[in-house]
Structures are given as C-alpha cells and as structure tokens.
2 protein chains.
Amino acid sequence: MASEPAETTQAAADFDAMSSSKTSPSTRQTRVRRREGAIISAARNMFVTHRYAGTTMAMIAREAGVADGTLYTYFENKDALARGVISDFYKRLTESSQIGVDGKRTTRTKLDFLARHHLGCVMDERGIIEMLPALTTSLTDYAGSEVYKLNKTYVAVFDRIVREGRACGDIPGDADVSVLRDIFYGALDYGGKSLMMRSLRSGARKADMTRLVDRLVGMIVGTSSHTKSVADRLEAVADRLEASLKQVEDT
Amino acid sequence: MASEPAETTQAAADFDAMSSSKTSPSTRQTRVRRREGAIISAARNMFVTHRYAGTTMAMIAREAGVADGTLYTYFENKDALARGVISDFYKRLTESSQIGVDGKRTTRTKLDFLARHHLGCVMDERGIIEMLPALTTSLTDYAGSEVYKLNKTYVAVFDRIVREGRACGDIPGDADVSVLRDIFYGALDYGGKSLMMRSLRSGARKADMTRLVDRLVGMIVGTSSHTKSVADRLEAVADRLEASLKQVEDT
DNA sequence: AGCTAAATTGAATAAGGTTCAGCTGTCTTA
DNA sequence: TAAGACAGCTGAACCTTATTCAATTTAGCT
C-alpha cells in the first residue's frame, strides 16, 4: 500500500497497449509516465509527513529529483498536485477494497472488512484525504471533478454490498443507500480520528477499532436472526407502518 | 499552542471581575475586547466567503478596520486567528445547542433537535470547521489545545443526552458513549456534505435532512428493528400514528 | 501637564508559489 | 547520418502574502 508503482505501472501499461506503436520500455511516453509517478509519490511522502501547508514545491521537486519548474509541466499548481495525490489514493483504495471484499462471503464479513480496510488505509496515509476540503473551491466545481468521480467509484463498493445485502435479506429497512453510506464513512472517519487520539495514551488501538466497527456494522446489518419467526413478521409489519407513517408526517 | 483569543478574553473578564473598580464601558480593556471581537467577526466573514487559503490577512484587516500589524497583537499568526474563529464558533454552538436541548422532553426529540441544529449551523458557516484539519499540526498538540477543549465541551451536550437516555431505558446497549458520539457527528458531517451537494440539483433539502436524521437518531435511540422489542415498537408507532392522524383531521 | 506603557501603524522583509526564456535530449526526415 | 523540430526540463527571476518591528499614537495615571 505504501509504494505506488503497481498503480503507475499498470496505467503506463494500459496506455502503451492502447497506442498501436510498440514502444520500448524507455520510450519518451514511458519516461514521462514514470516521472509523473515519481512526482506523485514524492508529493505523497511530503504531504503525509509535513501536511499540505508544511510542504513546499521545492521539497517535492527535490524528493522527486526534478527541478521546481518541472512540477508545473505535470500539474497546474500545488492544489492540482495535491488532487493528483488524492486521486491516486482513491484508485489504490478502490482496487484493494474490491479485491478484499470479493474474498468475503457474508454481508457482515464484507462490511467488516471494508470498514477495517478503510480505517487502516486512511490512518496509514492520514492527512491525504484531509487535504480535500481545503482544495475544494466550490461544491459545483467539486461535483464535476476527477476526485469526486473517483470517490464515487470507491463508495460504490459499499453501495454494492448494501444492495446485495438487501436482496438477500441481510440488511433490514428501506432507507436510502446514500444515508447508510454517509453514516458508514462519516462514522469511520470520526472514529478513526478518535482512535488515533486515544491510542496516544493507551495503545489499545485494536480493541477500540473492533468496538467501533462491530457497533457500526451491527447497526447496518441488524442483529435479527434469519429464522422466520412471528416476531420477524411483526417486525416487517412495523417497518411498513413506520414508512407510511413517515410519509404522513412529512406532509 | 495557545490560541489566545479565548485565552485573552477569559483573562480580561477575570481581571475585570477581580478588580473592584467599576470601569466605564469605554475602558481600555473593553475596547480591546471589542476590537478582538471585531477581528474575529471579520475573519469569520472572510473565511466563510473565501475559505482559508483565499483570504489574506490584509483582507481581514481591512474588513475589521485595523492595520495589518494590529492583527498580530491579537493573534500570533493566521493559523491562530483561524483557531480563534473556530473557538468562537464552538462557544456559540455549545450555548445554543444546550438551550435548545433543554427545551425538549424526550431523548428522541433532544437528539433530533441536536442533529438538526448541528447540521444547520455547520452548513450555515460551512468552511469554518473544515479549516480545522489543516490547522492541526500534530495530534499531540491538538490534544492540549483550546479548540479541542471547546469541542469536548460541545459534544458533552450529546454525551449527557445519551447517559440520561440510558438511565431511563430509552437507549439500549452498552456501547461506549464515544462510539455513539463518533457515529452521530461523523454521520452528520458527511450527511451534511451530501445534503449540500444534492441540494445543488434538487432543492429537496428538508426531506433529505429528515431522512438522514430520523435514521441516525433511530439507530441510537433504538426504534430500529434490532434494539427495541417488537411490542414496544408497535406501541410507539401506534402512538405516533394516532397523533399524526389527529393533526391531519384537524386541518 | 507630563510620564509610562500599552496599542497601533504600515513600510520593509522573507518565504514560497509560479512563470518563462532558454537549454537539452529525442524523434523525424531527407 | 546530419539537420531541423519539438517536447521536456531547468532554475533564476517575479509576485503575492504572511510576518516583523521601529516609530508613533493613545489611554491611564499622578
């Protein structure tokens, strides 16, 4: 998760494959790709260790082994470079999440993995996603941005789990998926921050994480057994009653 | 460390209270405090409309009607000024929240109000709290900061509701309060962002907010399927249904 | 009024993001 | 293979802004 070459190499390979000209591994295109990867990697290192405000373009250039001006041939400005780092982060996060989720069977274990994986990655490269708000000039701009699309792609992993969970009855209720999504990721981000602060004193990070994730996933999946008891049927009735009641109340 | 705004204000207040001399409303202390208020207010306006990166110290000085250098007699630097704005925000938020909550009777209505109030305030002065991550140099520093203490004071409003709710049986489970707190505020912040983005297209902000808050509060209070007994739940639904129908009939 | 210290000022300084005129290596074409 | 064209690269100069500080003003006091 630390080094990007996997992602960059992959992208470069795709690009080469698309262009019909067979280029040797040291063609100009390849070198440019490689260098872009090096810059993003360097920028990530600096941003993670010194935060956005604490890293200068000169630091990134030195770390990447290029001149200051070179950065501007790859990214319009410091903000765009930071957005590039975030985009890269989301790409890696999406891929590793989907792979991990595919290896789990039940709705609960999928969500459990996703939550822990998210927490781990975000805490690992803490500061990367936290740059986002400061980089968002306006919501309308953000809505059309690359980062927004990649974020949507990432959370789609969660959305799919929820929809499948609904289909097989694991997830009760009929709330909008977006509501569950906000609760899931919002709670994880806040919980992650609390976790880090608490682990400054007591190193009991793992137990704390388990408590948070269990509670959160439990809230979504529900603890109801799968036996079709009278209680379950009553529950379903209550669900429907509540839904129509809400409609009445809203008008 | 030391974000001094609150520091200074508090110190000044203490000083006045201690000195037996009755100072007229145009004493030096008073004027200083007034000016500090003007600076914080000016800074808030600029930060809200232009974000942190987009506002210059010169802009704030002009808005506050003082010279550039004057800002630095009140705040160590731009970061400290921003922290002062955040501190001020938390103070107002805490007070208005507590007042509102005190006006509600049940656990559910208290949480419902708190959630809506939080969402409203944060969306209203959006960008203020979002500055925080960028201003946090290190977690250890933050743990001892004024802003952190004020945040703790603010979320204590929530903590109290939860504890009372537990005591009277409204809130089931024995999860750590901190977990519920992270879920509550995390979900609200994320949900708030989603809300704003969605309301760019469809102006259905109110209905969306209701859905989010209901689901979230329901998860905590336990009207949801897995926490309360079915009998209790049906009873509660019947109560609400009767009340709503009465309202409908009256109109 | 005169003294002291706190407040205030705004021009000077410094840091860092950004630009751009030139340089270098690679590709293309004859 | 040599010459021309050009993409990429360079880093010193430029410009905006946060920050400093010596000088000045103002308030409080005797």
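Computed from a predicted model, the values in this text were never measured in an experiment. Hydrogens, waters and symmetry mates are skipped; everything else that's a heavy atom, side chains included, is used.
- Per the geometry, CD1 belonging to B:I60 stands 13 Å off C1' belonging to D:dT19, to the nearest Å.
- Between the CD1 atom of B:I39 and the C1' atom of C:dA7 there is a distance of 11 Å, rounded to whole Å.
- A 4.5 Å side-chain heavy-atom check between B:L114 and B:Y185 finds at least one atom pair inside the cut-off.
- For the pair B:E36 CD and C:dA6 P, the interatomic distance rounds to 17 Å; values are reported in whole Å.
- Rounding to whole angstrom units, OH of residue B:Y72 and C1' of C:dA11 are separated by 14 Å.
- Minimum atom distance to the side chain of B:R31 is reached by D:dG28, of the listed C:dT18, D:dC9, D:dG28.
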Atom pairs under 3.5 Å: protein N/O with N/O of nucleotides 11-15 of chain D:
residue: D:dG11; atom: N7; partner: A:G69; partner atom: N; Å: 3.3

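- By the 4.5 Å heavy-atom criterion applied to side chains, B:I86 and B:I128 are counted as neighbours.
- With C:dT9, C:dT18, D:dT19 as the candidates, the nucleotide lying closest to the side chain of B:N77 is D:dT19.
- Note: CZ (B:R62) to P (D:dT17) measures 11 Å, nearest angstrom.
- Between the C1' atom of C:dG16 and the NZ atom of A:K78 lies a distance of 8 Å, rounded to the nearest Å.
- Between A:R35 atom CZ and C:dG25 atom P the separation is 12 Å, expressed in whole Å.
- Contact check on A:D208 versus A:R211 returns a salt bridge, with a Lys/Arg side-chain nitrogen under 4.0 Å from an Asp/Glu carboxylate oxygen.
- Looking at A:Y52 and A:D79, their side chains do bring a donor and an acceptor atom within 3.5 Å of each other.
- Between A:K193 and A:D189 there is no salt bridge, since no side-chain N of the basic residue sits under 4.0 Å from a carboxylate O of the acidic one.
- A side chain to side chain contact (heavy atoms under 4.5 Å, CB included) with B:H118 is found for exactly one of B:F184, B:Y154, B:F158, B:F113, namely B:Y154.
- Tested against B:R116, the residues B:L212, B:L111, B:T210 include a single side chain to side chain contact (heavy atoms under 4.5 Å, CB included) partner, B:T210.
- Using a 4.0 Å heavy-atom criterion, one finds that A:Y74 contacts the sugar-phosphate atoms exclusively.
- Note: CE (B:M57) to C1' (C:dG10) measures 14 Å, nearest angstrom.
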